Amino acid sequence: MNVVSLITNKRAAEQSCLALLQSCNSLSKFTQIHSYIIKLGLHSNPLVLTKFTSTSADLNAISYASSFVFSPESDTHLYDTFLFNTTIRAYAQRNDLKTKAVKFYNLMLECGVSPNKFTYPFVLKACAGIGELNLGKSVHGSVIKLRFCDDAHVQNTLVHMYGSCKGGILFARKVFDEMPKCDSVSWSAMIGGYARLGLSTEAISLFRKMQISGVCPDDITMVSVLSACTDLGALEVGKWVESFIEKERVNKSVELCNALIDMFAKCGDIDKALKLFRNMIEKNIVSWTSVIDGLAMHGRGLEAVALFEEMIRARVAPDYVSFIGLLSACSHSGLVDKGREYFDLMKKDFNLVPKIEHYGCMVDMLCRAGLLKEAFDFVQKMPIEPNPIVCRTLINACCTHGELKLGESITKRLIGNEPMHESNYVLLSNIYAKMLRWEKKTKIREVMDKMGMRKVPGSTMIELDNEIYEFVAGDQSHNQHKEIYEMLDEMGRKMKKAGYVPTTREVLLDIDEEDKEDALNRHSEKLAIAFALLKTPPGTPIRIVKNLRVCSDCHSATKFISKIYSREIVVRDRNRFHHFKDGFCSCGDFW
DNA sequence: ATAGGGTTAG
């Protein structure tokens with residue numbers, strides 16, 4: 001064999017291998033190609049190795065590929081920037097393997113292969129997923145040293161990376177502010193950073209700045225803006241965003257439609273969410289899950305179950321998240337038997353091993369149904385350790401069912417495991433209040449003070465004329481607070497006439513009955529409703545958003561108010577919706 | 001070959 005034919009053969013083998021990889025769409029074909037590469041002696045062909053690695057990314061086989069490409073027998077001289085970039089990219093796009101991306105970046109540096117401007121977006125994306133600020137900062141340091149910081153793509157990923165790292169948002173903003181030119185990606189990364197952190201007001205106000213700047217937002221920008229609306233419960237802003245999307249002809253990707261569905265569902269208009277869902281041509285599992293979860297939050301459990309069944313018939317495979325939605329639908333609607341049935345089905349029919357979240361749903365379901373003993377047995381038999389969330393579910397159930405001693409002992413144990421979580425102390429202090437052990441309650445509050453902890457104050461938001469107003473208990477900061485308190489007095493008088501009795505036993509303060517009534521009357525929720533009654537024409541529905549669970553007195557008072565003032569009142573609470581109408585609530589007092 | 005997004009039990 002002469003030299004020329006050897007070269008053409010090698011070339012031919014390389015070409016055919018690249019072509020095979022190009023069209024490879026299954027793992028079995030991929031492993032075949034792997035043996036083909038070895039047989040033809042192509043394992044030292046950089047072009048083939050790079051293609052092999054990049055193909056593996058789409059087949060979730062990057063670990064398989066990289067153990068071959070980077071095996072100890074491989075010649076390290078083969079490794080070039082291209083090969084490392086491909087490997088890092090493949091790892092960076094896998095949620096569970098992002099640390100590997102950083103590992104290969106370090107290996108790259110160790111091997112003396114220089115990163116280029118394409119390397120850093122991948123590495124920074126991995127850093128974003130890992131979320132460790134110091135790691136991100138050190139990579140940023142290399143970016144500066146290697147002078148890639150003028151590259152627009154690198155800057156965009158820096159914003160995204162800092163926006164995804166704990167404590168990094170100010171660094172993100174700094175990079176963002178110092179960028180000479182921002183495109184829609186830069187704005188999206190910054191707005192998305194705020195939205196993920198729950199800095200929703202900042203996210204929306206930055207979006208307004210983006211409009212002024214003249215950069216055209218795209219579907220991805222709008223997803224973040226909508227998720228900020230969802231967080232705030234800002235239906236009016238959300239509706240405005242929807243019309244903006246129509247007007248500006250923003251690409252209505254599946255993800256954007258999903259975000260719209262989620263926004264309408266969580267801002268109180270579940271029927272609009274359903275309508276959008278029905279009009280979607282291409283749906284994915286997230287679309288189904290969002291609308292099932294939305295129905296669950298609105299207490300429309302049977303519809304949620306029906307939709308889940310429809311999803312199965314449509315041959316969309318349910319995942320872990322969709323089962324959380326389904327089980328919580330059963331829980332919020334008291335569908336205990338259905339819930340049990342689906343919980344078993346999860347393993348049997350869908351091969352999904354229930355996780356702690358699913359066990360949590362079951363515990364919650366049993367507790368809501370008053371099956372406290374069963375809930376405890378269930379936890380005993382669980383194959384996984386109950387987590388603090390499950391414990392708090394049990395403790396809350398103990399409180400509502402008068403099992404105060406039991407609640408106290410679990411809470412004490414929980415504090416032992418989780419000494420820095422303020423809600424545990426709040427729970428314990430509430431238990432002592434219910435036991436009328438005021439001295440113990442005071443002591444807990446002292447401990448909290450000493451540790452620098454504060455109870456999250458209850459607050460209620462309401463949106464009027466595109467403004468968001470926030471009230472806290474006893475709030476006097478509003479410039480119409482005088483009128484609001486007069487309105488509260490009037491409401492109180494009318495309610496008492498209609499038969500409302502303040503549930504003062506829920507006031508966990510050591511004060512006399514009259515003061516307790518007063519304290520109840522100043523709850524943020526009642527302030528917001530009074531404000532809405534003052535500011536909106538008769539008959540307008542009132543929508544409010546609470547950061548905590550609605551208290552039982554506010555719940556019963558709101559029923560009276562809905563009847564007396566003929567208003568539909570929609571309350572989003574920490575975990576579900578209450579639709580008040582004609583003196584009744586959609587939750588059927590079952591929350 | 002280059003970046004950004006959605007659903008998660010109390």
Side-chain angles (χ1 to χ4, degrees), chain A residues 50-51 53-54 57 81-83 85-86 88-90 92 116-125 128 148 151-161 163-164 183-193 195-196 217-227 230 253-263 265-266 284-294 296-297 319-332 339 354-365 367-368 386-397 423 427 548-549 573-576 591:
Chain A
T50 306
K51 187 75 194 167
T53 310
S54 78
T81 304
F82 203 157
L83 182 61
N85 283 0
T86 314
I88 294 168
R89 179 175 69 141
N116 63 11
K117 64 172 183 177
F118 296 118
T119 313
Y120 282 99
F122 302 139
V123 180
L124 289 166
K125 186 183 177 182
F148 290 126
D151 183 87
H153 292 309
V154 173
Q155 290 170 347
N156 284 345
T157 16
L158 277 169
V159 174
H160 176 237
M161 179 278 291
S164 309
D183 60 9
S184 73
V185 177
S186 338
W187 286 96
S188 297
M190 197 61 228
I191 294 170
R196 270 196 305 279
D218 61 13
D219 53 332
I220 294 174
T221 322
M222 301 322 288
V223 168
S224 290
V225 176
L226 281 169
S227 109
T230 308
S253 59
V254 179
E255 289 79 3
L256 180 53
C257 292
N258 290 347
L260 274 169
I261 290 175
D262 187 48
M263 183 277 291
K266 294 211 173 100
N284 65 14
I285 181 71
V286 178
S287 331
W288 288 92
T289 305
S290 302
V291 79
I292 289 172
D293 201 51
M297 281 187 84
D319 63 2
Y320 285 100
V321 183
S322 56
F323 266 103
I324 294 172
L326 176 68
L327 293 175
S328 86
C330 295
S331 171
H332 286 287
K355 298 187 185 187
I356 189 66
E357 290 88 344
H358 305 98
Y359 284 98
C361 287
M362 295 302 283
V363 174
D364 181 54
M365 187 179 79
C367 286
R368 278 174 203 271
N387 65 4
I389 297 174
V390 171
C391 293
R392 280 191 282 275
T393 306
L394 288 173
I395 295 164
N396 268 319
S423 76
L427 271 174
L548 305 173
R549 256 174 83 169
D573 121 335
R574 226 211 134 104
N575 47 26
R576 66 164 294 158
W591 84 99

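A quick note: this is a predicted structure, and the numbers were derived from the prediction, not measured. First the proteins, then the strands, lettered A, B, ... as listed; each starts at 1.
- For A/Y359, the ring-ring contact (aromatic ring centres under 6.0 Å, His included) partners are A/F343, A/F378, not counting sequence neighbours.
- Formation of a donor-acceptor pair under 3.5 Å by the A/S331 side chain with backbone atoms of A/L327 is not found in this model.
- For A/F323, the ring-ring contact (aromatic ring centres under 6.0 Å, His included) criterion is met by A/F308, A/F350, not counting sequence neighbours.
- Contacts of A/I356 with the nucleic acid, taken as non-hydrogen atoms under 4.0 Å apart, include base atoms.
- Base engagement by A/N258 is indicated by at least one non-hydrogen atom pair under 4.0 Å involving a base atom.
- Applying the 3.5 Å distance criterion, the base of B/dG4 shares a donor-acceptor pair with the side chain of A/D218.
- Atoms CZ (A/R196) and C1' (B/dT7) sit 15 Å apart, rounded to a whole Å.
- The CZ atom of A/R574 sits 10 Å away from the P atom of B/dA9 (whole-angstrom rounding).
- Among the protein residues, A/H153 comes within range of the nucleic acid bases, having at least one heavy atom under 4.0 Å from a base atom.
- For a distance-only test at 3.5 Å, the side chain of A/S253 qualifies as a donor-acceptor partner of the base of B/dG5.
- With hydrogens and angles left out, the side chain of A/N387 and the base of B/dA9 share a donor-acceptor pair within 3.5 Å.
- A/D319 comes within contact range of no nucleotide atom at all, as no heavy-atom separation falls under 4.0 Å.
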